[in-house]
Amino acid sequence: MKNAVSGLGLAPDAAMVTFPIEMFLPGSDLASLPGRKQEFYDGLTRWQPGFVKNTARAAPMLSVEGASYEDALNKANQLLLTNLWGDGLPLWPATRERVDWILRGAAFPRAHVIGKFPPRGGVTTVETCAVALAMAGGRPEYLPVLIAAVEAFLDPESNSEQLQATSGGPFPVVIVNGPIAKAIRLNSGFGCLGPDPQRPAGASIGRALRLLQQNVGGALPGIGTMAIFGAMRYTNAVFAEDEAALPQGWQPHATDRHGYTSGTNSVSLVFANGVTNVRRRGAKKELPQEDALNGMWRMADFMRTPNLGALSGYEKGTPGIMLISPVVAKMMAALGWTQASIRQFLWENSRIPTQQLKRAGAPAWLEIDANPITRDSIKLDPWPITLKPENIVLVVAGGDHPTHFHWLQAHSPRVIGRVMRVPESFDGLLADADRDLGCGSDACRI
Amino acid sequence: MVTLEFHDPSGALDVTQPHAPRLASLAGARIGFVSNEQWQAYRMLPMIKELLEVDFPDIEVLPINAFPQGNELIGSEETAALVKQSGVDAVIVANAA
């Protein structure tokens, strides 16, 4: 709540009366409520904030001393944790030298304000992003991706203000298109959602975004965010589409969804609240057509569930992201499947019979939805999980292996795109990366 | 000794407006509720309304649904305008997340 107050431009403080979770459960005992009434009365009459108007609180420099560098580094990490600015993994202290190095990747001045990070409303500048990226072990050439992702995150249409705080625990998924992905070693292949020592960009960028969400946006577990489980919140999900593997006639995601010209460096931001593997490949001697169709049915069967978190994106967002591996995309394209026909199949065959919606209590959530289009959809039987097939995000990524699909279930009112800007010196940064990391983006060992 | 100096990562806060002044008294006041209508709000808020009305006989407490309810609506400019137009002296914001 203090986050929300702060995000409105008020001092980060409020007259509050808080109650334990048990009082919010159906059939709860509210007998203790009258005993708390004076707190309400005082909040309306006596409470005074600890801050006054126009008290801008700039973030200062911090300092620690140690007997050795290792001792100082340890103390710095302890200071970050005790101030609730860490994630439990070791951090690089964002020294002036390290932040200045990261800022070599900026196409904007360091003081350029990107926006206020919700819900706390911390002022987010290019330097703020560089500080987070420095702490997360990032490099200068990652900064354009992080800044574009932050721009997308702060777009009011993303509804990040609510998604930061909600109990469902959505996390940002950043899909990168354009040649920058390969140039900065962003993974689009095997293990694209996880750690990869040869393609480490996604981990650092995603971790930096998470640190911004927590430290600048106030999303602290159980305080600023009520995410009950908080999956994927160490590094979020930052990966690239394997554009080189797109079958003929298939468009890159950024072109398909946002209309960006192929070859444009861009990000596309979706909030997801789950990641699930769906076994796609057959087990015996299926014909190619059977293998493809069976896999599509398994995907549709999985999607046919009332994911009520996706209602916020029913009209203009997405029910989720389907990751299809390059080899499967090629195989299906050879059989005549297109991006449109895949989406159409999944949309038609993931519709849920009203009877099933009713037994799950889903109609009540549809009835209270703020969007009249979503409310009206209750009349449809079977009920489509999203307004139109085009809402389903389809991305070609992952290892060249035919066995699985991946489904990132969404909680995303919109899919927000942003074009990146890189500094004029960007090629020099890439050369530095080749020198530092030991192999060029085309010469990795695996 | 080794000194490490590094940036505070929390970003600056920009306080642009003061909190509303508190009321001198609830006697004769007009109070409204803005609620996200989650969970037990439909039970809790009427209790608070009744407590106020019992303890301050000349108070006017608007019905709990006098303003739009729900997460999607309570933060909107339209709701803020409605609250302003209503002439309430204070608002209790009910938020269960």
Side-chain angles (χ1 to χ4, degrees), chain A residues 1 6 9-12 23-25 28 30 33-34 37 40-41 44-49 51-69 71-73 76 85 93-96 99 117 121-124 128 131-132 135 162 165-167 211 215-216 226 368 370, chain B residues 1-27 29 31 36-52 54-56 59 68-76 80 88-97:
Chain A
M1 198 66 183
S6 173
L10 298 156
M23 289 183 71
F24 294 96
L25 302 179
S28 60
L30 300 179
L33 184 61
K37 66 181 183 181
F40 284 95
Y41 304 165
L44 293 166
T45 57
R46 295 184 182 178
W47 178 84
Q48 290 296 324
F51 300 83
V52 293
K53 186 181 176 181
N54 293 331
T55 307
R57 289 204 308 142
M61 293 295 286
L62 307 168
S63 182
V64 294
E65 286 189 344
S68 63
Y69 177 78
D71 187 35
L73 183 62
W85 292 324
T95 59
R96 282 194 177 90
V99 170
F117 218 106
V123 178
T124 310
T128 316
V131 168
M135 292 169 67
Q162 284 191 20
T166 190
S167 56
L211 290 172
N215 298 338
V216 187
M226 303 314 288
I368 66 169
Chain B
M1 294 295 282
V2 175
T3 301
L4 268 181
E5 193 176 19
F6 51 98
H7 289 264
D8 174 325
S10 62
L13 282 180
D14 190 13
V15 179
T16 56
Q17 57 181 326
H19 283 277
R22 302 295 105 175
L23 304 180
S25 166
L26 291 175
I31 308 294
N36 72 346
E37 207 191 8
Q38 292 288 295
W39 302 4
Q40 302 302 296
Y42 74 100
R43 293 170 60 212
M44 296 178 80
L45 298 189
M47 287 180 70
I48 297 167
K49 174 173 159 56
E50 188 179 344
L51 289 166
L52 284 162
V54 168
D55 288 347
F56 304 94
I59 199 170
Q69 297 178 307
N71 280 323
E72 305 292 335
L73 300 174
I74 62 173
S76 69
V88 292
D89 298 303
V91 166
I92 296 173
V93 179
N95 176 63

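Quick note: numbers below take in every heavy atom, side chains included, and nothing from hydrogens, waters or symmetry partners. Proteins get letters first, then strands, A, B, ... in listed order; numbering begins at 1 in each.
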Please classify the contact of [X] with chain B as side chain, backbone, both or neither, using a heavy-atom distance under 4.5 Å.
X        : value
A/Val64  : both
A/Thr124 : neither
A/Leu211 : neither
A/Ala132 : neither
A/Tyr69  : both

Checklist entry - In terms of heavy-atom pairs under 4.5 Å with chain A, which of B/Ile48, B/Asp55, B/Val93 leads? => result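 Option with the greatest count: B/Asp55.
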Next on the checklist: Evaluate A/Ser28 against B/Arg43 for side chain to side chain contact (heavy atoms under 4.5 Å, CB included), listing each step before the verdict.
Outcome noted: CA-CA 10 Å; A/Ser28 60; B/Arg43 293 170 60 212; 3.1 Å; yes
Item to check | From CA spacing to verdict: side chain to side chain contact (heavy atoms under 4.5 Å, CB included), A/Ser63, B/Thr3 | outcome: CA-CA 7 Å; A/Ser63 182; B/Thr3 301; 3.4 Å; yes
Checklist entry - Tell me, side chain or backbone of B/Leu52 under 4.5 Å from chain A's heavy atoms, or both, or neither? => result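 Both backbone and side chain.
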Next on the checklist: Under the rule for salt bridge (charged side-chain N to carboxylate O under 4.0 Å, His left out), what residues qualify as partners of B/Glu50, not counting sequence neighbours?
Outcome noted: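 Once residues adjacent in sequence are excluded, B/Glu50 has no partner under the salt bridge (charged side-chain N to carboxylate O under 4.0 Å, His left out) criterion.
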Can you see which heavy atom on [X] is nearest to which on [Y], and at what distance?
X        : Y       : answer
A/Met135 : B/Pro9  : SD-CB, 3.5 Å
B/Leu4   : A/Pro93 : CD1-CG, 4.2 Å
B/Pro18  : A/Leu10 : O-CD2, 3.3 Å

Checklist entry - What distance do B/Phe6 atom CZ and A/Arg96 atom CZ have between them, rounded to the nearest 0.5 Å? => result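 Between atom CZ of B/Phe6 and atom CZ of A/Arg96 there are 12.0 Å.
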Item to check | Straight-line distance of A/Lys37 NZ to B/Met47 CE, nearest 0.5 Å | outcome: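 The distance works out to 11.0 Å.
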Item to check | Among A/Thr95, A/Leu62, A/Val131, A/Thr128, the one residue meeting side-chain contact (heavy atoms from CB on, under 4.5 Å) with B/His7 | outcome: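 Exactly one option meets the side-chain contact (heavy atoms from CB on, under 4.5 Å) with B/His7, and it is A/Val131.
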Checklist entry - For B/Phe56, which residues count as a ring pair (Phe, Tyr, Trp, His ring centres under 6.0 Å) partner, sequence neighbours excluded? => result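 With sequence neighbours excluded, B/Phe56 shows a ring pair (Phe, Tyr, Trp, His ring centres under 6.0 Å) to A/Tyr41, given in chain and number order.
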Next on the checklist: Before you tell me yes or no, could you show the steps for B/Ser25 and A/Thr45 under side chain to side chain contact (heavy atoms under 4.5 Å, CB included), namely the whole-Å CA-CA distance, both residues' side-chain angles and the distance that decides it to 0.1 Å?
Outcome noted: CA-CA 6 Å; B/Ser25 166; A/Thr45 57; 5.8 Å; no
Checklist entry - Does the pair A/Leu44 and B/Asp89 meet the rule for a side chain to side chain contact (heavy atoms under 4.5 Å, CB included), with working shown? => result CA-CA 10 Å; A/Leu44 293 166; B/Asp89 298 303; over 6 Å; no
Checklist entry - Are A/Met23 and B/Met44 side-chain neighbours, meaning at least one heavy-atom pair lies under 4.5 Å? => result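 In contact.
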Item to check | chain B contacts, top residue of A/Asp71, A/Val99, A/Leu25 (heavy-atom pairs, under 4.5 Å) | outcome: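 Winner by heavy-atom pair count: A/Leu25.
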Next on the checklist: Among A/Trp47, A/Phe117, A/Phe40, which residue has the highest count of heavy-atom pairs closer than 4.5 Å to chain B?
Outcome noted: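 Result: the option with the highest number of such pairs is A/Trp47.
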